[in-house]
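Working notes, structure below.
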Amino acid sequence: MTLRIYNYLSRQEETFEPLHPGFVGMYVCGPTVYGDAHLGHAKAYITFDIVHRYLEYKGYKVRYVQNITDVGHLVGDGDEGEDKIGKQARMEQVEPMEIVEYYTRNYFRDMDLLNVRRPDISPRASGHVPEQIELAQILIDEGHAYVSGSNVYFSVASWPAYGKLSRRKVDELEEGARLEVDSDKRDPRDFAVWRAATPGHLMQWNSPWGQGFPGWHAECTVMARKYLGLPFDIHGGGLENIFPHNESEIAQSEAAYGGDFARYWLLNNMVTIDGTKMGKSQGNSLNIQQLLTGDHPRLSQPYGPMTVRYFILSSHYRQTTDFTDDALSAATRGYERLIGTVGLVRQMLARQDNVDSTVDPQFEGVRSDFITRFEEAMNSDFNTPQALAALFDFNRAVNTIINSQQPVSNGTLEAIDETYRQLGGNVLGIIPDEISTQSGGSAGLEDSLIQILVDLRAAARKNKDYAISDAIRDQLAEAGVVLEDRPDGTAWKITR
RNA sequence: GGCGACGUAGCCAAGUGGUAAGGCAGAGGUCUGCAAAACCUUUAUUCGCCGGUUCGAAUCCGGCCGUCGCCUCCA
């Protein structure tokens, strides 16, 4: 079974074949670290985390590079705009690099919570200014960029292929109603490779053209090239950046270094909140932290990070994801169903009731059917909704087996657990290695205390003292521990 | 103005030519001391609307209506 990927360059699904067999180079546009990570980041980086994980599942050695944008790009258009990081630094009265450091840490913290595996390299734009200056110089030497004042602009007219990713016709770009004419540009379509710093600009570096800072497309071009070489296999990012950012990355790279830039372009679609665009300017921005704490007017409750991840994976990455409180609540239930079964299997496994290590042959058939369906789904452009559908069918089969009143061998339980760990854990990242009690350091003590209560209740039930047994159950439920009486004893799980 | 995406059951969401996955919610049943969980059955003769192509279309083509987005920093 071969992996097929929708390539935005060709606007078609293509068979994926890396340039160097067995190895994949992947670059994904990273965050600008001047604010907390929001839902858009969650969708984008969970998407490419899935790509990363599935490629490794397929046996590829992947090098995943994702930049940290920490040089100031402009808030507005034109020369008068303020540098975003500089602006935040001024507001918080700290050094720009403190802003960068603070939000970079928050970013990784939030991504860790969402079980997004870290990239192999997280290069910072500020650490690659010489490379960006070099890019500008090469473009000037090649006749694809020019100096105007202390700015360096890429000349779109000099590069006929400009527009090949976004399918915009270069000739028509001028008609864009909102393109403002920048006085230093020879052509309004041109974009900055290097910008002159205004006196108040906090982040600036020396260059052959004076004090300034890199244009906002330059870092991706030079860092992808530096760490992956050209061309590299996969370039990922958000669809809203297809133009001008991604388009300009390509043009710069191909004009400066020749050859192709990236071979497969994967772009995730955007998120909306209650059906409309999320954005700072819309005033409906929703941070990952707000989602996890429930501290937002549109949310009725906090949502667990795994629920959020499950929710994002329940629609395809090239579709928009609409965040609504109702949809998240439904996802919570669905996820609980899944994880409840996994937890039960692990509890049964821990008891070692049946040490038979053979695997039920009938289950083996269910399992291999599931793996086939799962892989087929993932092979068709990372179709996680289909993969999840297969997982739920597998889950139902597992529930049937473990509730069958027939003894289930340890071998079968281990095979079930292994399947969950492989596909639900390693590939989808929604089934953690440890679930049961989810209670931090005191887990051992907590487990013991709950078990004492469960045993007391069992004794009460034996005496048909249901007033006592129900009181124990109700009060535990109130405390967040739900009991389930099963033929083989009482199972419990912590719900908060 | 230019470009693009989407419209599938009450809700979320797969499916791109062969007769509608999965999840949530609802209904009935099994199990249970009662629950919970789980399992079984059930819930779209139909995929925004109107035409066309085809033996056959949610899927292709044309038109219309509606929603959202990009073109400006944004994942």
Of all the choices, B:A21, B:C74, B:A36, which nucleotide is nearest to the side chain of A:D393 once you look at every atom?
B:A21
Answer with yes or no whether the side chains of A:T69 and A:N67 bring together a donor and an acceptor at under 3.5 Å.
yes
If each of A:S380 and A:A44 is mapped to the nucleotide of RNA chain B with the nearest heavy atom, which maps nearer the 5' terminus, i.e. the 5' end?
A:S380
In terms of side-chain heavy atoms of A:Q386, which of B:A14, B:G22, B:A75 is nearest?
B:A14
Picking from B:C39, B:G22, B:C74, which would you name as closest to the side chain of A:A389?
B:G22
Pair assignment for B:U46, Watson-Crick or G-U wobble, requiring both distances under 3.5 Å:
none
Give A:L483 one of three labels, base, sugar-phosphate or nothing, depending on what nucleic acid heavy atoms sit under 4.0 Å from its own.
base
Could you check whether A:S469 gets within reach of a base, just the sugar-phosphate, or nothing at all, counting any heavy atom under 4.0 Å?
base
Within this structure, what is the CG-to-P distance between A:D36 and B:C74, rounded to whole angstrom?
18 Å
Expressed as a whole number of Å, how far does the C1' atom of B:A57 sit from that of B:U45?
15 Å
On RNA chain B, more 5' by nearest nucleotide between A:G275 and A:H41 is A:G275
Classify the nucleic acid contact of A:H316 as base, sugar-phosphate or nothing, counting any heavy atom under 4.0 Å across all strands shown.
sugar-phosphate
Which part of the nucleic acid, if any, lies within reach of A:V28 when heavy atoms closer than 4.0 Å are counted: base, sugar-phosphate only, or nothing?
nothing
Determine, for A:R373 against A:D369, whether the closest basic-nitrogen to carboxylate-oxygen distance falls under 4.0 angstrom.
no
Using a 4.0 Å heavy-atom cut-off, does A:G334 contact any base of the nucleic acid, only the sugar-phosphate backbone, or nothing at all?
sugar-phosphate
Touch check for A:R373, heavy atoms < 4.0 angstrom, all strands: base, sugar-phosphate only, or nothing?
sugar-phosphate
Distance flag, aromatic centroids of A:Y64 and A:F48, threshold under 6.0 Å:
no
Strictly by Watson-Crick or wobble contacts shorter than 3.5 Å, is anything paired with B:C34, and which nucleotide is it?
none
Expressed in angstrom and rounded to an integer, what is the separation of A:L391 atom CG from B:A13 atom P?
19 Å
What's the closest nucleotide to the side chain of A:P385 if the choices are B:A14, B:C74, B:G22?
B:A14
Reckon A:G237 touches a base, only the sugar-phosphate, or nothing at all at heavy-atom distances under 4.0 Å?
sugar-phosphate
With the stacking rule set at 5.5 Å and 30°, tell me whether A:F392 counts as stacking on B:G23.
no
Would A:D112 and A:R109 pass as an ion pair if we require N to O under 4.0 Å?
no
Kindly say whether the aromatic ring centers of A:Y107 and A:Y45 come within a distance under 6.0 Å.
yes
Name the nucleic acid region contacted by A:Y317, choosing base, sugar-phosphate or nothing; use a 4.0 angstrom heavy-atom cut-off, strictly under.
nothing
Measure the distance from OH on A:Y34 to C1' on B:A75 and round it to the nearest whole Å.
11 Å
With a 3.5 angstrom cut-off on both distances, give the Watson-Crick or G-U wobble partner of B:A27, or none if there isn't one.
B:U41
Does B:U59 have a Watson-Crick or wobble partner in any strand here, with both distances under 3.5 angstrom, and which is it?
none
SB check A:D325 A:R298 (cutoff 4.0 Å)
no
Between A:E376 and A:N379, a side-chain donor and acceptor under 3.5 Å:
no
Identify which one of A:W194, A:F191, A:F261 satisfies the ring-ring contact (aromatic ring centres under 6.0 Å, His included) criterion when paired with A:H217.
A:F191
Pairing partner of B:A20 (Watson-Crick or G-U wobble, both distances under 3.5 Å):
none
Does A:Q319 put a side-chain nitrogen or oxygen below 4.0 Å from OP1 or OP2 of B:A14?
yes
With respect to the phosphate group of B:A37, does any side-chain polar atom (N or O) of A:R337 fall under 4.0 Å of OP1 or OP2?
no
Please work out if A:Y335 contacts a base, only the sugar-phosphate, or nothing of the nucleic acid, heavy-atom cut-off 4.0 Å.
nothing
So what does A:D485 touch, heavy atoms closer than 4.0 Å: a base, only the sugar-phosphate, or nothing?
base
Would you say the ring centroid of A:Y264 lies under 6.0 angstrom from that of A:Y6?
no
Closest to side chain of A:W216, choosing from B:C71, B:G33, B:C74:
B:C74
Less than 4.0 angstrom between a side-chain N/O of A:R333 and OP1 or OP2 of B:A25, yes or no?
yes
If I pick the P atom on B:C39 and the same atom on B:A25, what distance separates them, to the nearest angstrom?
12 Å
When you check the phosphate oxygens OP1 and OP2 of B:G15, does a side-chain N or O of A:N383 lie under 4.0 Å from one of them?
yes
Spacing of A:L428 atom CG relative to B:G22 atom C1', expressed in whole Å
14 Å
Please tell me which of the listed nucleotides, B:C34, B:G23, B:A13, lies nearest to the side chain of A:Y310?
B:G23
Residue matched to B:A9 through Watson-Crick or wobble contacts both under 3.5 angstrom:
none
From B:C34, B:C74, B:G69, nucleotide with atom closest to A:M270 side chain
B:G69
Options B:A75, B:C34, B:A36, nucleotide nearest the side-chain atoms of A:T32:
B:A75
Return the nearest nucleotide to the side chain of A:A330; candidates are B:C34, B:A38, B:C24.
B:C24
If you go through the side-chain atoms of A:R396, does one of them form a donor-acceptor pair with the base of B:C40 closer than 3.5 Å?
no
Spell out yes or no: do the side chain of A:N269 and the base of B:G69 have one donor N/O and one acceptor N/O closer than 3.5 Å?
no
Under a 3.5 Å limit on both distances, the Watson-Crick or wobble mate of B:C3 is B:G69
Separation of B:C34 atom P from A:D474 atom CG, nearest Å, is 16 Å
Any N or O donor-acceptor pair under 3.5 Å from the base of B:G33 to the side chain of A:R461?
yes
I want to check one thing: is the phosphate of B:C39, taken as OP1 and OP2, less than 4.0 Å away from some side-chain N or O of A:N399?
yes
Rounded to whole Å, the CZ-P distance (A:R473 to B:U32) equals 15 Å
Whole-Å distance separating the CG atom of A:N268 from the P atom of B:C70:
14 Å
Quick check, are the ring centers of A:Y420 and A:F394 under 6.0 angstrom apart?
yes
Output the rounded distance in Å from CD (A:E484) to P (B:C31).
18 Å
